Every structure is written in structure tokens, then in C-alpha cells.
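Only one structure is covered here, and it is reproduced in the block below.
All values reported here derive from a predicted model rather than from experimental measurement.
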Amino acid sequence: MGWDAGPGPDSDDPHALAGRWTAALTGGVRDHVVPMSAEETCALLARLAGEFEAIAGVPEPAARVAELGAELARSHFVGDEVLGRSIAVLGAHFGAAALIPPDRLADMLAAFANGYVRAFRAWLLAEQESVRAAEIVARRSVEQQLRASEARFRAVFTQAGIGTGLSDLSGRIIEVNTAFATMLGYLPEEMCELSGTDLVHPSDDHGMWDLYLALLRGDHDNVQLEKAYLHRDGHTVWTNLNVSLIRDEHGDPQYTLVLVEDISEWRALREHLNYRAHHDQLTGLPNRSRFIDALTAAFADPARSFGLCYIDLDHFKIVNDTFGHAIGDALLVQAAARLSACATGPGQLVARMGGDEFVILVPQSVGASEVAETVLDAFTQPFDIHGHHLTVTASIGVMAARTEHTSADELLQAADTTMYWAKAAGRGRYVIFDADRGRREHTRTELSAAMPAALTRDELFLDYQPIVDLADAQMVAVEALVRWRHPVLGVLTPAQFVDLAEDNGHIGALGALVLERACRDSRDWHDRYPGSTPTVSVNVSAAEVSDPTWLDRVQHVLSDTGIPPESLQLELTERAFMQTSGRPLQALRTLAALGVHIAIDDFGTGYSNLVYLSQLPLDVIKLAGPFVHRIRTPDAASPSDVLVLESIIELSHALGFTVTAECVETSYQASRLHDLGCDTAQGWLFHRPMPVDEVTDLLEDRSPAPHRAARSAAAPPGR
Ligand code: C2E
Ligand code: MG
Ligand code: MG
């Protein structure tokens, strides 16, 4: 290098200058960029110093010295003080050693400074330019991204199948997409001219707009609901509406974004299914489920009064069977139309419960009977069905009020029952529910259900009521009277359940039980008190006698217990005899022929056809209580009553029958009946119905003393 090779006082110490210059530039110089290490810096500055000195000798050094300054700047020594310190180090070094004449040194340092400054400015401009270029690149990239995201948003907004719209907080539509506009029959720009009120639909409820206002206030960020809009052509478009609040950077509400989806078809389908679920397909009337909903709603309000008509077409089955189901269906449709015309009052509801049963809910309880009358009137005209003129009546159960029923189901059940009362009363009429009758029938239903178990659980037992000879009041027979020890209701009398057993088919089992037990007790008395055993009289209903197996059963019991047939008496009421003909009557004749006594019970309460009696296999006439009651006291007995009794007794005797008077309660009755020739009597005057053991006690009391002692000694323990 020139520095190393050049002469001068410092020429032997070129590194000393480079070291000082390096120290001046790196020690505490701020703001300059030095992208090289200390060694590299020292080497650079040593070279520059060497060249500076070498140039001093050439004739025009300025340009070359300027180039050294420029090199320093281009080497990124660009801090505030770089130039000043460099001038100071170079000036001091070359000036002190007088290596370069002072005036020339000053020119060289000035040229060095110029070169440095020029290069520094160029560097600075280049730096600024590169920063600007970088900024431009960055900004372009951000803009590009923004444009891409905006384009995506536009694409979503404009092309989305779902209706989309943007509104400001005043409700003004700023923008909508084609899907939204088309949904309502507009162009997007036309929709932007609509006001908020143009989007109001009559089916909007207040709650909906309150919700929208709450959203605008910022109370919610999103609201979702079903809303109807009016299409430009007037029809309704149902939508699923989703409104979201868009806030500004401070969180204040700014816009609302609306997403709407046309659900008209789906809603129509839903309504159709709903309609089908609640309407009868044949008649179009509300169906059972819809009616139960309405009734339950009416029931839920205890203050609400309402009535109900339960309607059943009479003999509808015959129409179906005779004319076929198509005519039957057409009749139901016409009947439904007539019923609808009968129930046009506010809140009245006609429904088909199924088959030929209809109901009308009448909101005002006072009106239910009137509605029933209107219905009966409407059914007086024949139905014209495909040329057939059919007259069909209706039976109606009317619930005039909600009564004591505690649920819609119970009320409906009661209405149904009442409708059956109307049927039983002759059809083509209405009957109003009667709570007492309802209760009685309810008990009957429950008793009927409990009867099979009662028969097997031994809940039925017998009392016996003695029948005495009117001449000496001695017991000659006992009547078996059945009772039911009900676990909840206590002891029930035959009037409470015998008819029921006849209706529900349990009378056969009941009668068999009574007959067997009575014959077993009779067997016991025969064994203990031979010779003074009372006849045992068993009540038998017509239904039992009609059973083809009944005769066998009676004969089987007789042979099983081995009691003489003469000690058994069977009582049938007059009415039962009237229902008994053919084979059942033959069964009675067979038993009579065996020696079983046949009695006509409650004689005088029915047809009292004495001529008919002569044809029956009868032994005993039991005069009914009401007959006997007429001669209860001397004052009560009219001559004609006495005459009738006397005639019956005489005629009965003439026909060979024995006469027993029932319900003898006074001694006057007993003596009068005895005077009139009546043979035996039964009644509270002599004995009330009693348990079997008490009959045994009576027999015991009247048997001879030695026999009594012998029997009691022989009696089995525990009796
Ligand atoms: P019924 O055969 O005429 O029986 C006489 C009824 O009169 C009995 O009523 C008896 O308690 C009652 N009675 C007896 N003496 C008097 C009296 O002095 N004054 C009054 N007011 N009543 C008196 P109960 O036991 O309630 O029987 C009623 C009816 O039930 C019987 O009338 C009979 O028709 C029927 N019944 C009873 N047990 C049976 C049975 O095992 N089978 C069938 N099919 N019917 C039975
Ligand atoms: Mg009787
Ligand atoms: Mg009787």
C-alpha cells in the first residue's frame, strides 16, 4: 500500500493513524451504520489514509481525494459526526507531521469532505427510495388482499341463494341482493327505495317489532324468527329471518345485516300436516285430538262455563250394511255439514270423534240443550244421497255444564254415557246428564268389574229368612237371600247386584253358588234335625233357567247333597215366568216332576195372569209385599183390597197352590191373612233375614230336649 510505502515522519507508523481514525469513528459516534468488524474498519481506514497521503503528491488531487471521501460514505460510515472526526484525525496527522503542505492539505480535506457529502446524500436518497418502494409494495399487497376479500364478500352477497340485505339504524335499506329482491318480486334497486313500513305484514305481532327495536338498541346481537312479507303481487311469502347487528369499532350499533330464507313451501307443508293431524279426512271437521285440545283448554279455566253435545247417528250401521260404505261415507259428510250449520255461535266447535259419533262444544253452558234441539230439527229432513232418501235420527247426550267432573276425559266419558241414555230412551232425542244417575251407573260399572273376583273370593254369602205357618207361626221353610260383603262398600243387598249379574252374564255362577250353599245347609239341617227340616227356598232368575246346563246343575246339586227334592223350593218372579217358555219351562216341569217345589215370587206386581198360572208347574204363590202392605192396619185396609186378596187366595187354592204372604210386618196383617185362608207368611213380624247359624239355633230350640242334648253332644266342634 502507498501508506506503508510513503515517506514521512509517520510513515513508519501507518497503523497508528488507522487506529486513531478507527477509534474516532467507532467510539461514541452515533447514528452511523457500520456493517463491518473493527479489523475490517481498521484495514479500510488504513488504505484510505495511505491513498490520501499518496495523492498529496499528484498535481490535481481533488477528484481522487473526493473519491476517498465518497468511499468512506459508501462504506456506510454515515453518522452525524463521521465527517468531522475524519477531517480532524486526517488534518491533525498530516498537518502535525508536515507531510503535506498546509494549503494543499486544506484543499485535500475540503475535496475529501465534498466527496463524502455527495456520496452520503446519494446513499440517503437511495435509502429513502428503497423505503418508499417497500412501502408501495406493502400497500399494494394490502389493497390486493382487501380487494380480494371485498370481491369474495360481494360474490357472497350478490350471488348467494339466501336473501341478504343491509339496513341502517333508521330501518332504511342500504343494499339487498337479487335473491332477497326476487323473493318479494322486486329488483334490488327498487327494494332500496321501500320504506320499513312496506315490509310490515298483517301477521307480524308486536313482540316481533319490539325484538327488532331491542336489537337496534344493541340489547341483542342476533334475532331469529319466522316472518311473513307481502310479495309485490300481493301474496304472502313466509321467511326464516335472521337479523344480526353490525357494530362499529367502538362497539356502537351501525347496521343490521338481514338473512332471509323463503320457507313458504315448507310452512305450507307443515300447516298441511298439522291440519291433517287435527282434522278428519272424510268430513273435514276437527278430529278427536283437536277437540280434546279445545276441551282441555276450556277445562283449564275454572271460571269458564261451557256445555257439550255428544251426538251419535241412530242405526248408522244398518245404512252401511244395506247401502254400502260409499253411501255411509256420503251420509257422514252430509251429517257433518248439517251439524256445522247448527253450531255457528261464537266459539262453538263441531268435531268428529270417530265412526258416526260427533261432538259440539258450546262455550255458554246455557246453550247446550238449545244446540241439541237444533240438531234434532236438522235431522228431521231426509238425506238425499245418490238418489237414496235416508231418514237418519241422532241420539244426543247433553252436558249442560262442566258438572262435578274433574277432567276433560271424565266429562267426555259422561257425555258418551248420557248419549247412551238417549239411545236407551228410544233414540232420536237428547238427554241431559244427571249426576245421580251417573254415580249409580258408575258404581254399577265398578261392581260389574269386581264381580268375578267376588265370586271366587267367597265374598258372597247367604242370609235366610224363615217362612212360618200362619196357624202356629212355626218355621216351615227358609228363603235363601244372597248378600255381597264388598271389601270397600260393605254388605250389599241383592237389589244392588243381582240385576247387574243378569246383565253381565255372571248370574249363572252366582245362582250356582247360592243353590249349592243353600242345599249344603239344608243337608246339614237334615242331618241334625230330621223330621223338622225347613224347606229351603232359592230365588232363581229367568236368565239362569234359560241356560241349557241349568237343569243338569240343579239335578247334580240335588244328588250331590242327597237332600230330598221336596225340601227344595225354587222361586221365580212373575216376570221371570213370562220370559220362560219352551225348553226352560220344560226344565221347570222336570224339576217339579221330581218333587221340587216351584213358587211364583212377588205375585201381583207383574201381569197377574191367573189363567196363565194354571199352565205352569207351580206349587206356591208368594203374594208380593205391596199387596200385603195394603192391609197393614185396620184403617188402611179397604174392603176392595181385602176382596182382591181373598179372591187370589181362593183361586190359588182352587188351582192347588199354597199361598205365602211376603213382607208381613204387623200382627193385624198376620191375623187378617190367616182369616183369608193364607197358608204361610214371611216378614219382619216373625223373623228378619238371618245368618245360617241363627236358623240352626231356631231349629235347635224347637227340637225335643233329649234329641237336643244328643245332637249337641254329636255336633262337630267349632260350629
Ligand atoms: P224376594 O225374593 O221377594 O225376597 C224378599 C225380600 O223382601 C228380601 O229382600 C227381604 O229382606 C225382604 N223382606 C222380608 N221381609 C220383609 C218385611 O217384612 N218388610 C219388608 N219391607 N221387606 C221384607 P232382599 O234380601 O233385599 O232381596 C231382594 C230380592 O233380591 C229378593 O226378593 C229376590 O228377588 C232377590 N234375590 C235375593 N237373593 C237372590 C238370589 O240368590 N238369586 C236371585 N236370582 N235373586 C235373589
Ligand atoms: Mg224370593
Ligand atoms: Mg218376594
Does the plane of the ring in Trp484 sit parallel, tilted or perpendicular to the ring in His486? Use 30° and 60° as the thresholds. tilted

Over 60° means perpendicular and under 30° means parallel, so classify the ring planes of Tyr229 and Phe180, tilted if in between. perpendicular

Asp280/Arg290 under salt bridge (charged side-chain N to carboxylate O under 4.0 Å, His left out): CA gap, chis, key distance, verdict: CA-CA 10 Å; Asp280 169 46; Arg290 165 88 183 74; over 6 Å; no

Side chain to side chain contact (heavy atoms under 4.5 Å, CB included) with Leu225: which of Leu211, Asn242, Asn240, Thr239? Leu211

Using a strict 4.0 Å threshold on nitrogen-to-oxygen distance, state whether [X] and [Y] make a salt bridge.
X	Y	answer
Arg444	Asp503	yes
Asp436	Arg439	yes
Asp252	Arg247	no
Glu226	Arg270	yes
Arg517	Asp458	yes
Lys317	Asp321	yes

If you look only at pairs with a residue in [range], which of them pass as a side chain to side chain donor-acceptor pair (under 3.5 Å), with sequence neighbours excluded?
range	value
residues 176-192	Thr164-Asn177, Glu190-Arg232
residues 328-341	none
residues 371-385	Glu373-Tyr430

Would Ser244 and Asn222 satisfy side chain to side chain donor-acceptor pair (under 3.5 Å), going step by step from the backbone distance to the final call? CA-CA 4 Å; Ser244 304; Asn222 189 275; 2.9 Å; yes

Sequence neighbours left out, what passes ring-ring contact (aromatic ring centres under 6.0 Å, His included) with [X]? Give chain and number order.
X	value
Trp209	Tyr212
His388	Phe323
His220	none

Judged by atom type as modelled, is there a donor-acceptor pair below 3.5 Å linking the side chain of Asn287 to the main-chain atoms of Ala277? yes

Under 3.5 Å, side chain of Asp552 to main-chain N/O of Thr549, donor-acceptor pair present? no

Nearest atoms (heavy-atom pairs only) where Ser369 meets Ile432: OG-CD1, 3.6 Å

Spatial distance of atom OG (Ser167) from atom CD1 (Ile173) [nearest 0.5 Å]: 5.5 Å

Value for SG (Cys309) from CE (Met399), rounded to nearest 0.5 Å, stands at 11.0 Å

Without hydrogens or angle criteria, can the side chains of Asp314 and Ser395 be said to hold a donor-acceptor pair below 3.5 Å? yes

After noting the C-alpha distance and the side-chain angles of Ser407 and Asp409, does the key distance pass the side chain to side chain donor-acceptor pair (under 3.5 Å) rule? CA-CA 5 Å; Ser407 73; Asp409 265 1; 5.5 Å; no

As a quick check of understanding, evaluate side chain to side chain donor-acceptor pair (under 3.5 Å) for Thr236 and His231, giving each step before the final call. CA-CA 6 Å; Thr236 292; His231 190 275; over 6 Å; no

